[in-house]
K.L.:
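Structure in C-alpha cells, see below.
Residue numbers begin at 1 in each chain, while the letters A, B, ... track the order of the sequences.
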Amino acid sequence: MFRIISSQYNNLKVEISDFNPYHTFLCGQCFRWNVNEDGIWTGIIFDLGVRLVWDGKTCTFLNMSKSEFIDNCVYYFDLDTDYCKIKTYLEKKDENLKKAISHGYGIRLLKQDFWETLISFLISQNNNIPRIKQIIESLCSHFGLPVKGGFTQKTFPGISALANASLSDLNICRGGYRCRYISKTAAILNQTPFMLSHIQKLPPAEIRKFLLSLPGIGEKVADCILLYSGLDRSVFPIDRWVKRVIETLYFKRETDVNSIREFARDYFGDYAGIAQQYLFYYARQQKIGI
DNA sequence: TTGCAGGGGTCAA
DNA sequence: TTGACCCCTGCA
C-alpha cells in the first residue's frame, strides 16, 4: 500500500495509496496535525516530529530516514491495510456511501497512541474541534517533553506527568470540568505500571468495558478511543453529526442511538468504523441534516 | 458592549 | 430522563 520512491538529502519520497493529508488529518480523528501556508504539514507521531509535503500524488517526508519511516509511519498510517479493497466493499452498499467515499477518498484511519487518544477524546466531549486542539496543545506545552529536530511542539505528556500534576496545574490548559476527569484517569492508570499496555492486548469488548469504567468516558468516547488507536475498526462512534447523517440518509426520521448502533453493526459489518469516518467527513463538509 | 446559544458527552439525581 | 458542567466562539 506504499512504495518508497527515493531518499535524497534526508527527504523520503513515498507513494501512498488512498491517501490525502487534507482528508486524513482534517476528518476529525486527530488533533495535532497542522498545515502552514507553504503546504507543509507538521505533526507528532508517537514521539517523532514529522514534516511532510503532499504534491497530489506522492508524499515527501522531510528530514526522515527510511528506518524512521518503517518504524513509525507504516504502523501509524496503517499502510499494511488495503483501503482500496475496503472502499470497494463499502461502495457496493449504497449510493450514500459511494458519494461519501468519493468525497473523502483520501481518508486513512490512523493508529494513534492509546494514551494520547484516550485523553484527547476525553477532552473532546461537549466541545468543538478548534478548542479541543487548543486544550491539547496547552497540555503538551506544559507537561510534554521537547521534540528533537527544531519542533516547537512538545510530545504528548506521559501518564505520570499528568498524574503528578495537581488539578490547579492541569487547569492551566482551560479544559474546564474535563480536567478533573484527566486527573482522576491519570491517577488510576499511574497506580499500576504497564496497565495500559496490558489492557491493549485484551479483546476489544474487554478494552471497551475497561474504558467505560474510567471517569469521563462514556460510550461515544470509548468507541472513538478504540477506533482511532486502531484497536477495533468495527465500532461505530455516534455523535451529533453521525446521528444526524444516519437519520437523514438511512432512517429518514429521528431515532435513538441504540437503534443506530445496531443498524451500523449489521449493515456495515467489520468496517463500520471506517464507514463512519467517510460519512462523518461527508456530513460535516456538506452540512447534512442541519 | 452584553447576553445568549451551542458545541464530536458524561454523570448523578 | 434531565440538568449541570467549563469555556470559547459566533451572532444579534
K.L.:
For A/P215, which contact category applies under a 4.0 Å heavy-atom criterion: base, sugar-phosphate, or nothing?
P.N.:
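Since only primed, P, OP1 and OP2 atoms lie under 4.0 Å of A/P215, the category is sugar-phosphate.
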
K.L.:
Write down the distance separating the P atoms in C/dC6 and B/dA13, rounded off to the nearest Å.
P.N.:
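Between the two P atoms, the distance is 15 Å.
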
K.L.:
Validate the cation-pi geometry between A/R108 and A/F25: distance from NZ or CZ to the six-membered ring centre under 6.0 Å, angle to the ring axis within 45°.
P.N.:
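That pair does not qualify as a cation-pi contact.
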
K.L.:
Using a strict cut-off of less than 4.0 Å between a Lys/Arg side-chain nitrogen and an Asp/Glu carboxylate oxygen, indicate whether A/K133 and A/E137 qualify as a salt bridge.
P.N.:
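So A/K133 does not pair with A/E137 through a salt bridge.
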
K.L.:
Could you measure between the two C1' atoms, the one in C/dG3 and the one in B/dA5, and give it in whole Å?
P.N.:
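Looking at atom C1' only, C/dG3 and B/dA5 are 16 Å apart.
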
K.L.:
Rounding to a whole Å, what distance do you find between A/Q125:CD and B/dA12:C1'?
P.N.:
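Nearest whole value for this atom pair: 14 Å.
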
K.L.:
In the single-linkage hydrophobic clustering (I, L, V, M, F, W, Y; side-chain heavy atoms under 4.5 Å), do A/L109 and A/W54 co-cluster?
P.N.:
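Looking at the clustering, A/W54 is in a separate group from A/L109.
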
K.L.:
Please give, in whole Å, the distance from C/dC8 P to A/K133 NZ?
P.N.:
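Answer to the nearest Å: 18 Å.
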
K.L.:
Base, sugar-phosphate, or nothing: which does A/F31 touch, judged by heavy atoms less than 4.0 Å apart?
P.N.:
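Contact class for A/F31: none.
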
K.L.:
In whole Å, I'd like the distance from the CD atom of A/E137 to the C1' atom of C/dC7.
P.N.:
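That distance rounds to 18 Å.
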
K.L.:
According to a strict under-4.0 Å criterion, is A/R240 in side-chain N/O contact with OP1 or OP2 of B/dG9?
P.N.:
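Answer yes for this pair, as a side-chain N or O of A/R240 is under 4.0 Å from OP1 or OP2.
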
K.L.:
Both A/I129 and A/L212 contact DNA chain B. Taking the nearest nucleotide for each, which residue is further toward the 5' end?
P.N.:
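The residue closer to the strand's 5' end, by nearest nucleotide, is A/I129.
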
K.L.:
More than 12 non-hydrogen atoms from neighbouring residues, nucleotides or ligands closer than 6.0 Å to NZ on A/K184, yes or no?
P.N.:
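No, because the 6.0 Å sphere around NZ of A/K184 holds 12 heavy atoms or fewer from other groups.
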
K.L.:
Could you tell me whether A/D169 atom CG has more than 12 heavy atoms of other residues or ligands within 6.0 Å of it?
P.N.:
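Above 12, so yes.
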
K.L.:
If I take atom OH in residue A/Y181 and atom C1' in nucleotide C/dC5, what distance separates them, rounded to the nearest angstrom?
P.N.:
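Rounded to the whole Å, the gap is 7 Å.
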
K.L.:
In whole angstrom, what separates A/R180's CZ from B/dC11's P?
P.N.:
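Interatomic distance, CZ of A/R180 to P of B/dC11: 12 Å.
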
K.L.:
Just checking A/R174: base, sugar-phosphate only, or nothing, at a heavy-atom cut-off of under 4.0 Å?
P.N.:
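The residue A/R174 makes sugar-phosphate contact but no base contact.
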
K.L.:
Atom OH of A/Y177 and atom C1' of C/dC8: how far apart are they, to the nearest Å?
P.N.:
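Computing the A/Y177:OH to C/dC8:C1' distance gives 13 Å.
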
K.L.:
Using the closest heavy atom to pick a nucleotide of DNA chain C for each, name whichever of A/N126 or A/P130 lands nearer the 5' end.
P.N.:
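Taking each residue's closest nucleotide, the earlier one in sequence belongs to A/N126.
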
K.L.:
Is A/C27 touching bases, backbone alone, or none of the nucleic acid, heavy atoms closer than 4.0 Å?
P.N.:
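Answer is base: heavy atoms of A/C27 come under 4.0 Å of a base.
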
K.L.:
Can you tell me how far C1' of B/dG9 sits from NZ of A/K243, to the nearest Å?
P.N.:
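Nearest whole value for this atom pair: 14 Å.
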
K.L.:
Classify the nucleic acid contact of A/Q277 as base, sugar-phosphate or nothing, counting any heavy atom under 4.0 Å across all strands shown.
P.N.:
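Contact class for A/Q277: none.
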
K.L.:
Select base, sugar-phosphate, or nothing to describe what A/C224 touches, counting heavy atoms under 4.0 Å on all strands.
P.N.:
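Contact class for A/C224: base.
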
K.L.:
Partner of C/dC6 by Watson-Crick or G-U wobble geometry, both contacts under 3.5 Å, or none?
P.N.:
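For C/dC6, the partner nucleotide comes out as none, under the 3.5 Å rule.
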
K.L.:
By the 4.0 Å heavy-atom rule, please label A/I238 as base, sugar-phosphate, or nothing.
P.N.:
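Touches nothing.
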
K.L.:
Using a 6.0 Å cut-off, check whether atom NZ of A/K93 has over 12 heavy atoms from anything other than its own residue.
P.N.:
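Enclosed: over 12 neighbouring heavy atoms sit under 6.0 Å from NZ of A/K93.
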
K.L.:
Within the 4.0 Å heavy-atom criterion, would you say A/L214 contacts the bases, only the backbone, or no part of the nucleic acid?
P.N.:
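Sugar-phosphate, backbone atoms only, no base.
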
K.L.:
Whole angstrom is fine here: how far is it from CD1 in A/I132 over to P in C/dT9?
P.N.:
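Computing the A/I132:CD1 to C/dT9:P distance gives 13 Å.
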
K.L.:
Can you tell me whether the side chain of A/R131 and the base of C/dC8 have a donor-acceptor pair closer than 3.5 Å?
P.N.:
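Not at all, since no donor on one side and acceptor on the other fall under 3.5 Å apart.
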
